[in-house]
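Heads up, the thing below is written out as structure tokens.
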Amino acid sequence: MTIQINTETAAVTGRRKIKALRWWMLALFLLGVTVNYVTRNSLGLLAAELKTSLNMTTEQYSYIVAAFQAAYTIFQPLCGWLIDVIGLKLGFLICASIWAVVCMLHAGAGSWIQLAVLRFFMGSAEAAATPANAKAISDWFPRKERPVAAGWAGVGFSIGAMLAPPIILVAHISFGWRGAFLFCGVLSMLWVLLWWKFYHSPETHPNLSKDELALIRQDNEPQQERLPFIKSLKIVCKNKKFYGIAIPAFLAEPAWAVFSFWVPLYLANERGMDLKHIVMFAWLPFLAADLGSIASGYLTTLYRKVFGCTRINSIVASSVTGAFMMLSLALVAVTQSPYAAIALISIGGFGHQVISCMLSAVVVETFDKSQVATVNGMRGSSAWIASFLFSLLIGAVADSIGFNPLFIAMGFFDLIGAVFLIALIAERRNPAKRESV
């Protein structure tokens, strides 16, 4: 259980205090999400060889992807609720241990059906990453720092995907595709040990100073009652602001699914690249996504200082900026150069991650601390429903019509989502009342 104690006794005496410990805790969480995405993206990078080794079609591969996405969709609210109830440390540790073990079991897969089953269990455990992200930010940062913290936290979701190509290539060359899965699982288990040893809540961390704890708790947000899962879902679903978050998330996620699971296959099938060439370029969209994650929080500061936006409206404005950048994906369909296509996809990666980080920031800004993991899990489920459906669509039509119509659709999805974000989240009243920066 999460332990709530008086802040006067929260900082344990007799241990060296670490300056800016909240950022070190965020870095530890970011490392875990990075490993999460290395294990997740291993499938897409090995897709071309897996199709040959396991004798499967593109449609069967889409079922494997969809199995992961279905589990991710179903389990995000459950993982979020679990983390809200038993605490971030134990909840995320349990889920990370499961995905590490299941990743290693991928090495024993002998058919696409077995791989689909393993991906389902892996998706159910990795679903904890999104709700844990919101929980870490709300636990460790005061409100004024949360948009920037959300931007940095989002780096883990893309840097793992960026590092996956070289890591998987080296593991594949050294151990084959089965050994590559084993290697990724071992990486995850090593991080689990780091998390168990070094992560504590702010109230119980022995290296947190009283001054920093006071900074973290300066908003004096009351700890709400822990609610049963169904009751918590009902309360969230009655809040119209949730739909201002869920609908844009639904429309944004197909692009990220394509980046994570389909771009390597797209580069192989339609741009004629082998694994070595794919590894040379497939990481670039995720590097751009890293930059988008970092930039997103600072964009909110820019909108507040230059345009006088409220904190909520600055987050909305940053997300809308990312939505316009997603138009680059529509141009992929008309470019002949594979390098130009990768550059346009990279711009889309930057824009997507701005949107994703800002949607997490909206969750943290809008909902009680006791619900943020649950709500972010529900947001993630909304997103991954779209991811699941879009992957099945790709599997059904990619061999016949190609990827170009799909890229055109993805270019416009986020602008539609931006309309809902503005309509349901943006603040309109008391424009003269500005929040302090």
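Along the sequence shown, residues are numbered consecutively beginning with 1.
Remark: Phe242 engages no residue in a ring pair (Phe, Tyr, Trp, His ring centres under 6.0 Å) (not counting sequence neighbours). Shown here are the side chain to side chain donor-acceptor pair (under 3.5 Å) partners of Tyr243, two or more places apart in sequence or in another chain: there are none.
Inter-residue side-chain proximity for Trp256 and Ser356 is flagged as unmet; no heavy-atom pair is nearer than 4.5 Å. His205 has its side chain within reach of Trp140: a pair of non-hydrogen atoms, C-beta onward, lies under 4.5 Å apart.
The cationic atom of Lys89 (NZ for Lys, CZ for Arg) lies less than 6.0 Å from the six-membered ring centre of Trp196 and within 45° of the ring axis.
Ring geometry for Trp99 versus Trp191: interplanar angle under 30°, hence parallel rather than tilted (30 to 60°). Classification of the His106-Phe181 ring pair by plane angle, with boundaries at 30° and 60°, yields tilted.
For Phe413 and Phe250, the gap between ring centers reaches or exceeds 6.0 Å.
Side-chain contact of Tyr303 with Thr321: a donor-acceptor pair under 3.5 Å is present, judged by distance alone. Thr310 and Glu427 share a side-chain donor-acceptor pair at under 3.5 Å. With hydrogens and angles left out, the side-chain atoms of Tyr72 and Gln76 include no donor and acceptor closer than 3.5 Å.
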With ring pair (Phe, Tyr, Trp, His ring centres under 6.0 Å) as the test, would you mind laying out the steps for Trp112 and Tyr61 before giving the verdict?
CA-CA 7 Å; Trp112 73 266; Tyr61 173 72; over 10 Å; no
Before giving the answer on side chain to side chain contact (heavy atoms under 4.5 Å, CB included), spell out for His200 and Leu208 the whole-Å C-alpha distance, their side-chain angles and the decisive distance to 0.1 Å.
CA-CA 10 Å; His200 304 278; Leu208 182 65; over 6 Å; no
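Considering Arg143, Lys144, Lys241 as possible partners of Glu365, the one that fulfils the salt bridge (Lys or Arg N to Asp or Glu O under 4.0 Å) test is Arg143. Considering Pro131, Pro77, Ser360 as possible partners of Arg379, the one that fulfils the side-chain contact (heavy atoms from CB on, under 4.5 Å) test is Ser360.
Distance alone, capped at 3.5 Å, is enough to place a donor-acceptor pair between the Thr73 side chain and the Ile385 backbone.
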